[in-house]
Amino acid sequence: MSASVRVRFAPSPTGPLHIGGVRTALYNYLFARKMGGTFILRIEDTDQTRFVPGAEQYILESLAWLGISPDEGVGAEGPHAPYRQSERKDLYKAYADQLIREEKAYYAFDTSEELDAMRTMFESKGSAFQYNALTRVKLRNSLALPAAEVQALLDANTPYVIRLKVPAKGEIRFQDSVRDWVHVHTSSMDDKVLMKSDGMPTYHLANVVDDHIMEITHVIRGEEWLPSAPLHILLYQAFGWTAPQFAHLPLLLKPEGNGKLSKRDADLGGFPVFPMEWTDPQTGAVSKGFKQEGYLPEATLNFLAFLGWNPGTEQELFSLAELVDAFSLERINKAGAKFDVNKAKWFNEQYLKQQAPEALADLYLGHLSKEQGLAFVSLFLDRITFPKELSALVAAFIEKPSNYDEAVIQNKWNAESEKGLRILADAFPKVGVWQADDIKLVIHESLEAAGIKMGKVMQILRVALSGNGAGPDLMISMQLWGKDQVIERLEAALKTFPSIN
RNA sequence: GGUCCGUUCGUCUAGGGGUUAGGACACGUCCCUUUCACGGAUGAAACACGGGUUCGAUUCCCGUACGGACUACCA
């Protein structure tokens with residue numbers, strides 16, 4: 001029996017993987033790497049009615065984008081293939097039958113309609129229906145019905161499910177890595193369905209069987225599974241297997257208000273909840289993705305890692321390798337975390353500044369010369385959150401101003417600044433080398449000679465040349481526009497601005 | 001309704017029986033700068049409440065409140 005750590009990420013292909021799922025995958029990945037273990041991807045597609053084409057591919061691509069691809073499983077294969085539960089269907093039945101033989105599970109013939117009716121009846125009385133030790137004796141199952149009748153129903157191919165026979169009394173307890181001891185009385189649990197009438201296992205059975213067969217040592221999953229963990233423990237006990245170590249992760253919450261972050265929150269707050277863009281195959285509706293919004297994978301990873309975990313030091317910027325090194329289950333928080341788009345943007349800005357300027361220029365300013373591209377990257381890098389802003393910013397920069405910032409003209413356009421601009425219009429053609437430092441010198445000297453302070457003229461010059469009251473370094477901007485262009489723009493502004501002198 | 005889980009600045013969080021309760025994002029102010037941004041400095045801002053235990057509780061225990069998850073032949 002090997003002691004090496006094996007963890008799995010086990011999503012359902014029912015739509016795009018949402019960002020909470022990505023974090024679960026990340027923590028599994030980090031833990032596996034940290035412990036020198038194996039990270040497995042298993043696809044839990046036992047609900048055929050909810051299968052969405054393309055979802056599995058989406059999961060694989062999202063993990064690949066972030067650099068947390070599985071070592072084993074769908075997309076990687078391995079010794080326990082297949083890793084899609086729909087392809088393991090026959091396996092589960094045998095385990096369910098084993099529990100039937102050992103009288104730890106039983107056949108139930110109640111139809112969905114009958115159960116629904118039961119629920120509404122209980123509800124009208126102000127209580128909740130549970131299929132358990134108290135109620136199962138009055139329902140249509142192999143525990144309540146005479147053996148001969150059960151056999152007759154089976155022989156007649158009556159649809160049935162297999163339910164776990166949960167003991168009437170007893171306490172289930174387990175030590176969760178995040179929550180410490182959790183206790184639940186079996187009396188509050190119900191006889192969950194293990195095999196559905198379509199012959200597919202439910203999550204509970206498939207999950208426990210596969211985790212055992214695949215030798216999973218640690219189950220790291222979302223807190224929404226905490227209530228069913230005792231059921232899973234009961235199943236491990238029924239099979240006589242040792243349960244893996246559980247770690248239930250805190251939920252990712254809606255940024256505004258309360259509640260679990262859901263797929264419906266997509267686009268509501270102007271931020272994505274999916275790693276990549278997703279087009280609904282049914283409706284054609286498109287949901288934003290971190291990738292397409294312009295988040296870098298490193299930033300997305302770093303941001304996500306800190307939602308529910310921290311290293312206990314004041315370092316906040318972590319590469320994937322550093323995260324692996326610092327990660328531990330013990331430092332995962334208990335409380336749910338809302339996510340803050342400002343923090344996500346801040347992480348992106350940090351990583352953006354670390355990008356190779358050449359790569360950014362290539363990717364976003366490929367239509368320009370290499371030299372120009374690099375110049376623009378260095379001019380704008382500190383002013384953007386997403387790399388794609390570069391293209392629009394540069395396009396606007398190159399464009400001649402179509403209108404001028406009125407407020408600045410109101411405040412700064414006067415006899416003195418007009419005189420200043422006219423002096424500059426005369427001086428610029430005489431500049432020899434059109435280079436930022438020389439331009440600055442010429443501006444300084446010519447204005448000084450006229451007794452005008454630079455500060456009186458600079459902002460109006462900026463408006464005259466760019467239309468805007470604020471922006472990147474003017475001298476470098478002028479150098480990039482080029483001498484002719486600057487002179488032309490200045491002349492145009494001088495004609496447009498109302499003359500005072 | 002029932003079961004389970006949670007609660008430190010607006011947000012992410014550190015801390016943990018005696019602390020000026022620390023950091024980051026966002027926000028304010030100042031510095032840098034011809035402007036804006038970047039950067040630097042600085043400010044405002046939190047232990048849900050009530051009982052215990054204790055010399056002392058934000059920290060431990062119990063309640064309460066609030067929030068959340070689950071309560072399907074979905075995962």
Side-chain angles (χ1 to χ4, degrees), chain A residues 10-14 44-47 49-50 85 108 110-112 115-116 119 122-123 125-131 159-163 176 178-179 182-185 187-190 192-204 206-207 221-230 248 250-251 253 255 257-260 303 306-317 331 333-347 349 353 379-384 408 412 440 443-444 453-463 466 468-475:
Chain A
S12 290
T14 56
E44 310 224 327
D45 55 350
T46 53
D47 185 359
T49 64
R50 295 207 312 157
Q85 289 184 329
D110 319 87
T111 63
S112 300
L115 293 173
D116 285 346
R119 283 189 195 98
F122 271 72
E123 212 167 297
K125 290 189 293 183
S127 61
F129 170 69
Q130 272 194 316
Y131 208 120
Y160 66 85
V161 299
I162 296 177
R163 286 180 182 271
D176 187 275
V178 174
R179 275 145 228 287
V182 175
H183 329 134
V184 179
H185 289 278
S187 60
S188 71
M189 298 166 58
D190 52 4
K192 281 278 182 267
V193 170
L194 265 22
M195 290 295 291
K196 298 182 266 190
S197 54
D198 67 358
M200 277 293 203
T202 59
Y203 169 84
H204 306 293
N207 190 264
R221 63 185 3 171
E223 189 188 330
E224 67 268 30
W225 294 111
L226 192 54
S228 49
H248 287 93
L251 261 14
L253 273 15
N258 301 307
K260 182 166 82 158
F303 169 65
F306 271 69
L307 246 30
W309 171 88
N310 77 86
T313 65
E314 283 179 4
Q315 183 184 348
E316 295 212 81
L317 263 20
R331 291 202 66 88
N333 296 114
K334 293 179 171 66
K338 295 183 180 188
F339 84 68
D340 178 9
V341 69
N342 281 320
K343 194 79 179 235
K345 286 180 175 174
W346 178 80
F347 274 111
E349 286 160 6
K353 285 175 193 165
L379 194 62
F380 288 117
L381 193 60
D382 281 343
R383 329 176 69 83
I384 59 174
V408 177
K412 302 282 170 87
K440 186 170 185 175
I443 292 177
H444 190 76
K453 288 218 167 73
M454 262 179 94
K456 298 282 186 189
V457 180
M458 293 310 290
Q459 202 181 6
I460 206 76
L461 175 62
R462 175 184 294 282
V463 172
S466 72
N468 301 317
D473 189 286
L474 231 204
M475 303 307 162

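Just so you know, these numbers use all the heavy atoms, side chains as well, and skip hydrogens, waters and symmetry mates. What you are looking at is a predicted structure, and each value in this text was computed from that prediction instead of being measured. Letters A, B, ... are given to chains in the order of the sequence lines, protein chains preceding strands, and every chain is numbered from 1.
- Among the heavy atoms of the strands lying under 4.0 Å from A/Arg331 are primed sugar atoms or P, OP1, OP2 only; no base atom is included.
- Residue contacts for A/Ser112: at a heavy-atom cut-off of 4.0 Å it reaches a base atom on one of the strands shown.
- Using a 4.0 Å heavy-atom distance criterion, A/Gly455 is classed as making no nucleic acid contact.
- Going from the P atom of B/U20 to that of B/U11 covers 26 Å, rounded to whole Å.
- Residue A/Asn310 places no side-chain N or O under 4.0 Å from the OP1 or OP2 atom of B/U13.
- The residue A/Thr111 sits close to a base: some heavy atom pair falls under 4.0 Å.
- Pairing for B/U54 is absent, judged as Watson-Crick or G-U wobble with the two contacts each under 3.5 Å.
- B/C32 sits 15 Å from B/A41 when the P atoms are compared, rounded to a whole Å.
- Under the Watson-Crick or G-U wobble criterion, with both distances below 3.5 Å, B/C4 is paired with B/G68.
- Rounded to whole Å, the distance from CG on A/Asn207 to P on B/A75 is 10 Å.
- Of all nucleotides listed (B/C74, B/G10, B/A24), B/C74 comes nearest to the side chain of A/Lys196.
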Contact letters for nucleotides 3-8 of chain B, in which S counts primed atoms plus P, OP1 and OP2 and B counts the base, heavy atoms under 4.0 Å: SSSSS-

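- Using a 4.0 Å heavy-atom criterion, one finds that A/Val161 contacts the bases of the nucleic acid, with or without backbone contacts as well.
- Across all their heavy atoms, A/Asn207 and A/Gln85 have their closest contact at N-NE2, 3.9 Å.
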Please report the C-alpha distance between A/Asp47 and A/Arg50 in whole Å, then the side-chain angles of each, then the deciding distance to 0.1 Å, and finally whether the salt bridge (charged side-chain N to carboxylate O under 4.0 Å, His left out) criterion is met. CA-CA 6 Å; A/Asp47 185 359; A/Arg50 295 207 312 157; 3.5 Å; yes

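- Side-chain contact check for A/Arg331 and A/Asn310: at least one donor-acceptor pair (N or O, by modelled atom type) lies under 3.5 Å.
- Closest contact between the side chain of A/Ser12 and the listed nucleotides B/U71, B/U34, B/A75 involves B/A75.
- Contact annotation: A/Arg119 does not reach the phosphate of B/G2 (side-chain N/O to OP1 or OP2, under 4.0 Å).
- Separating the C1' atom of B/U13 from that of B/A21 is a span of 13 Å, rounded to the nearest Å.
- With a 6.0 Å radius and a threshold of 12 heavy atoms from other residues, nucleotides or ligands, A/Lys353 has its NZ atom above the threshold.
- What you find for A/Pro13 and A/Asp45 is that their closest heavy atoms are CG-CB, 3.7 Å.
- Summarising the geometry, the separation between CG on A/Leu307 and P on B/C25 is reported as 16 Å, rounded to the nearest angstrom.
- For B/C5 and B/U42, the P atoms lie 44 Å apart once the distance is rounded to whole Å.
- The CG-C1' distance, from A/Leu253 to B/A69, rounds to 10 Å in whole Å.
- In this structure, A/Phe347 and A/Phe306 have tilted ring planes: the angle between them lies in the 30° to 60° band.
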Could you write out each protein N or O paired with an N or O of nucleotides 39-49 of chain B at a distance under 3.5 Å?
none

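- Look at A/Arg462 and you won't find any side-chain N or O under 4.0 angstrom from OP1 or OP2 of B/U34.
- Comparing B/C74, B/C25, B/C73 by their nearest atom to the side chain of A/Lys343 picks out B/C25.
- Residue A/Trp225 has its side chain nearest to B/A75 when only B/A75, B/A24, B/A37 are considered.
- A/Glu314 places its CD atom 11 Å from the C1' atom of B/G15, with the value rounded to the nearest Å.
- Applying the Watson-Crick and G-U wobble criteria (two distances, each under 3.5 Å), B/G63 pairs with B/C49.
- If you take CD of A/Gln85 and C1' of B/C74, they are 13 Å apart, rounded to a whole angstrom.
- Regarding A/Lys338, its NZ atom lies at a distance of 9 Å from the C1' atom of B/G67, rounded to whole Å.
- Residues A/Ile443 and A/Leu461 are in side-chain contact: their nearest non-hydrogen atoms beyond the backbone lie under 4.5 Å apart.
- Using a 4.0 Å heavy-atom criterion, one finds that A/Leu474 contacts the bases of the nucleic acid, with or without backbone contacts as well.
- Distances shown here put every side-chain N or O of A/Thr46 at or beyond 4.0 Å from the OP1 or OP2 atom of B/C74.
- Atom NZ in A/Lys196 sits 13.0 Å away from atom OH in A/Tyr203 (nearest 0.5 Å).
- Distance A/Met475 CE to B/U35 P: 11 Å, rounded to the nearest Å.
- The residue A/Met189 sits apart from the nucleic acid: no heavy atom pair falls under 4.0 Å.
- Counting non-hydrogen atoms under 4.0 angstrom, A/Gly308 reaches the backbone sugars and phosphates but no base.
- Remark: A/Asn333 is in phosphate contact with B/U13, judged by side-chain N or O atoms under 4.0 Å from OP1 or OP2.
- When the P atom is used for both B/C9 and B/C49, the distance is 11 Å, rounded to whole Å.
- Here the CG-CZ distance, from A/Leu253 to A/Phe339, works out to 11.0 Å after rounding to the nearest 0.5 Å.
- Going from atom NE2 of A/His248 over to atom CZ of A/Arg221 covers 4.0 Å, rounded to the nearest 0.5 Å.
- Distance check on atom C1': B/A65 versus B/U29 gives 39 Å, rounded to whole Å.
- Base pairing annotation: B/A21 forms no Watson-Crick or G-U wobble pair, as no partner gives both donor-acceptor distances under 3.5 Å.
- Here the CG atom belonging to A/Asn333 is positioned 9.5 Å from the CG atom belonging to A/Leu307, to the nearest 0.5 angstrom.
- Put simply, the side chain of A/Phe129 reaches to within 4.5 Å of the side chain of A/Leu115, judged on heavy atoms.
- Between the CZ atom of A/Phe306 and the P atom of B/C12 there is a distance of 15 Å, rounded to whole Å.
- Across all strands shown, B/C27 forms a Watson-Crick or G-U wobble pair with B/G43, both key distances being under 3.5 Å.
- At least one side-chain heavy atom of A/Arg179 sits under 4.5 Å from a side-chain heavy atom of A/Leu226.
- For A/Asp340, whose side chain is taken as the heavy atoms from C-beta onward, the closest listed nucleotide among B/U13, B/C12, B/U11 is B/U11.
- A/Asp473 comes within 4.0 angstrom of a nucleotide base, judged by non-hydrogen atoms across all strands.
- Taking 4.5 Å as the limit, every side-chain heavy atom of A/Lys412 sits out of range of all side-chain heavy atoms of A/Arg462.
- Looking at which nucleotide of RNA chain B each of A/Ala128 and A/Asn342 is closest to, the 5′-most match is held by A/Ala128.
- Closest-nucleotide positions on RNA chain B for A/Asp45 and A/Asp382 were compared, and the one nearer the 5' end corresponds to A/Asp382.
- At a threshold of 4.0 angstrom between heavy atoms, the contacts of A/Pro159 with the nucleic acid are absent.
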